[in-house]
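As structure tokens, the structure follows; a few thoughts come after it.
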Amino acid sequence: MFLALKEIKHEKLRYGLIIGMVLLISYLVYILSGLAFGLAQQNTQGVESWGAERIVLDKDANTSLQQSLLTKSQTDKLTLSKNESYVGQSSVVAKGAKARNISAQFIGLDTKQYIAQDMKLTSGHQVNGANQVVVDSQFQQDGYKLGDTLKFNSKTQAYTIVGFTENAKLNIAPIIYGNLSTWRTLKNLPDSFTASGIVSKNAKYTSGIAQLKSYDVHTFIQALPGYSAQNTTFTLMIGFLMVISIVVIAVFLYILTIQKLPNYAVLRAQGVPAKTLVQNTISQALLLVSGGLVLAIALTALTASVLPMGVPIGFNLPLLAVITVGIILTGILGAIIPVRLILKVDPVSVIG
Amino acid sequence: MSVIELTNVNKSFGVDTSKIDVLQNINFSAQKGEVSLIVGPSGSGKSTFLTIAGGLQTPSSGQVVVESETMSQLSPKDRDALRLRKIGFILQAYNLVPYLTVAEQFQFVDRIKTQHNLSTSDLNALLQDLDIANLVKKYPSELSGGQMQRVAIARALYPDPEIILADEPTAALDSERVAVVGQLFQDLARQRDKALVVVTHDMRLEKYADHIYEILDGRMKQAS
Ligand SMILES: Nc1ncnc2c1ncn2[C@@H]1O[C@H](COP(=O)(O)OP(=O)(O)OP(=O)(O)O)[C@@H](O)[C@H]1O
Ligand SMILES: [Mg+2]
């Protein structure tokens with residue numbers, strides 16, 4: 001540690017550059033994983049806020065809530081408990097006095113069932129009459145207030161915003177909650193259709209109707225349009241970045257160590273144990289990598305605080321911890337590779 | 001009492017036709033309280049002799065005994081430890097850590113050898129003798145060749161080794177400094193009972209030596 005610190009202090013530029021490089025790489029990894037996590041969250045937040053364990057859909061709907069329809073003749077045979085709720089999904093373009101058009105997900109609910117009953121609002125009240133909606137807080141950020149109205153698609157009916165709720169996102173779009181009859185209107189469906197599907201908090205729930213299939217929520221989320229493709233892309237990008245950072249950090253530490261070998265040979269001649277020199281190299285790598293990481297975390301926090309609201313970025317502590325440990329291990333690995341050189345260094349080589 | 005003893009030591013490099021015998025049948029011993037000077041032309045094998053005596057290289061044949069320990073019977077780790085405790089190497093130019101100040105060079109020794117180093121007052125006296133006490137805050141790159149060499153001598157003496165092996169310790173010094181270093185070596189032998197083995201071209205050191213040996217084409221003979 002003594003040598004490691006003194007050397008960093010004496011060679012500020014050289015080690016500053018290495019810390020800078022670690023900083024940039026880990027900053028990139030943090031931001032990318034933040035974006036990946038943020039996007040994933042915006043795909044699933046809505047479903048997660050329902051506490052859903054199982055989703056019942058038409059078995060021919062390819063696990064898609066959007067594609068699924070439950071008919072009245074099917075649902076008439078069911079009695080739902082307080083753990084189940086009908087959901088009708090429809091993609092809509094919301095237009096209002098404020099802001100540009102917003103692509104949103106309309107979710108029709110039965111106001112007497114649990115999702116509507118348990119919904120946490122940040123302001124306003126639940127839907128309790130015709131032509132009312134509760135919307136995601138993104139609308140608030142876009143300038144909407146309680147009492148403002150929205151129109152959907154090319155329809156002329158205006159809907160009044162009566163409440164705001166947080167974390168209501170599905171397929172990276174804000175959710176607009178209304179009732180099921182509004183859903184039918186938006187979908188141009190007659191009364192003979194009840195909903196798109198049934199959401200249940202009960203992990204064992206099935207409808208018992210042959211045409212309907214019950215999926216666990218994990219399967220449902222994986223099948224959300226684009227969800228797994230996005231995640232695979234990000235995972236690959238982060239994976240490649242980690243591999244590249246291993247190579248870059250390892251190469252730098254390797255070059256550094258080679259430059260130090262004549263000096264290490266002298267120290268070995270003077271009887272300094274190889275262990276001390278190996279410890280020195282590894283603790284130095286740790287110092288450099290943790291220095292870079294601390295700065296990267298600070299820079300990431302700064303970035304997150306100045307990014308516009310529209311950029312989906314989210315941080316998850318366990319994920320960040322895993323990445324941080326991963327980068328530290330990368331640094332140690334990079335420092336261990338040239339250890340062989342240190343062990344082999346020949347003290348005689350410096351004696352002419 | 002002899003602290004280093006080389007018996008029938010041979011050293012050759014390479015094999016078959018490219019084989020060169022650098023040291024042939026060397027018998028040598030160094031005693032406590034004496035300065036041994038080893039002279040010889042460039043390439044005659046002086047440094048090779050010194051590294052074998054200090055346990056940095058192993059001879060092709062023959063035996064090296066340091067402080068009653070037979071070098072070939074020690075593990076590499078024990079040889080390191082013996083070097084750290086007993087032997088001070090003064091190497092030509094490179095034995096300072098470039099990113100440590102002069103003062104820190106000694107602090108570093110304190111970290112790897114925690115006991116029996118020179119006391120602060122002894123160190124200060126040594127720095128005064130060598131006229132480098134005013135350089136303690138400087139990095140090696142800020143020193144002249146002769147200053148570096150004197151710091152390197154102090155660095156090697158700081159752990160208070162029984163045996164001091166020096167390779168061309170005065171190459172960069174003017175006559176005045178050579179006299180200081182020669183006198184220092186003689187005092188170390190006479191007053192502190194150290195064994196000094198000094199390899200050099202520098203005949204100015206002759207008058208401080210108790211024995212002078214000459215290496216010629218790998219063979220050693222006593223000159224006086
Ligand atoms: N590792 C080695 N491999 C092959 N030959 C070597 C090796 N080390 C030394 N030699 C050869 O051994 C001979 C003696 O080298 P050494 O360094 O001991 O000479 P020296 O007396 O110290 O010379 P100088 O006064 O120039 O320092 C030289 O011819 C050198 O080329
Ligand atoms: Mg030599």
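Numbers restart at 1 for each chain; the letters A, B, ... are given by sequence-line order, proteins then strands. Since this is a predicted model, take the numbers as computed values, not measurements.
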Note to self: Is there a side-chain contact (heavy atoms from CB on, under 4.5 Å) between B:Phe89 and A:Val266? Walk through the geometry before answering.
What the structure shows: CA-CA 9 Å; B:Phe89 268 106; A:Val266 171; over 6 Å; no

Notebook entry, point to check: In terms of heavy-atom proximity below 4.5 Å to chain A, should B:Pro98 be classed as side chain, backbone, both, or neither?
Noted result: both

Item checked: Region of B:Arg155 that comes under 4.5 Å of a non-hydrogen atom in chain A ->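 Contact with chain A is through the side chain of B:Arg155 alone.
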
Next item on the list: Sort out for me which of B:Lys113, B:Arg85, B:Gln107 touches chain A most, counting heavy-atom pairs under 4.5 Å.
Entry: B:Gln107

Next item on the list: Look at B:Lys77, B:Gln57, B:Arg83 and state which one has the largest set of heavy-atom pairs under 4.5 Å with chain A.
Entry: B:Arg83

Item checked: Within-4.5 Å side-chain heavy-atom neighbours: B:Tyr99 and A:Asn263 -> yes

Notebook entry, point to check: Between A:Leu3 and B:Leu100, does a side-chain contact (heavy atoms from CB on, under 4.5 Å) hold up when you go through it step by step?
Noted result: CA-CA 8 Å; A:Leu3 285 183; B:Leu100 297 185; 3.7 Å; yes

Which heavy-atom pair separates [X] from [Y] by the least distance, and what is that distance?
X        : Y        : result
A:Lys9   : B:Tyr139 : NZ-OH, 4.4 Å
B:Leu56  : A:Pro347 : CD2-CB, 3.6 Å
A:Pro273 : B:Asp80  : CA-OD2, 4.3 Å

Next item on the list: Check each atom of A:Leu267 against the heavy atoms of chain B and say whether the ones under 4.5 Å are side chain, backbone, both or neither.
Entry: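 The side chain, not the backbone.
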
Notebook entry, point to check: Where do B:Ile87 and A:Gln270 land on the side-chain contact (heavy atoms from CB on, under 4.5 Å) test, with the steps shown first?
Noted result: CA-CA 8 Å; B:Ile87 301 178; A:Gln270 290 167 343; over 6 Å; no

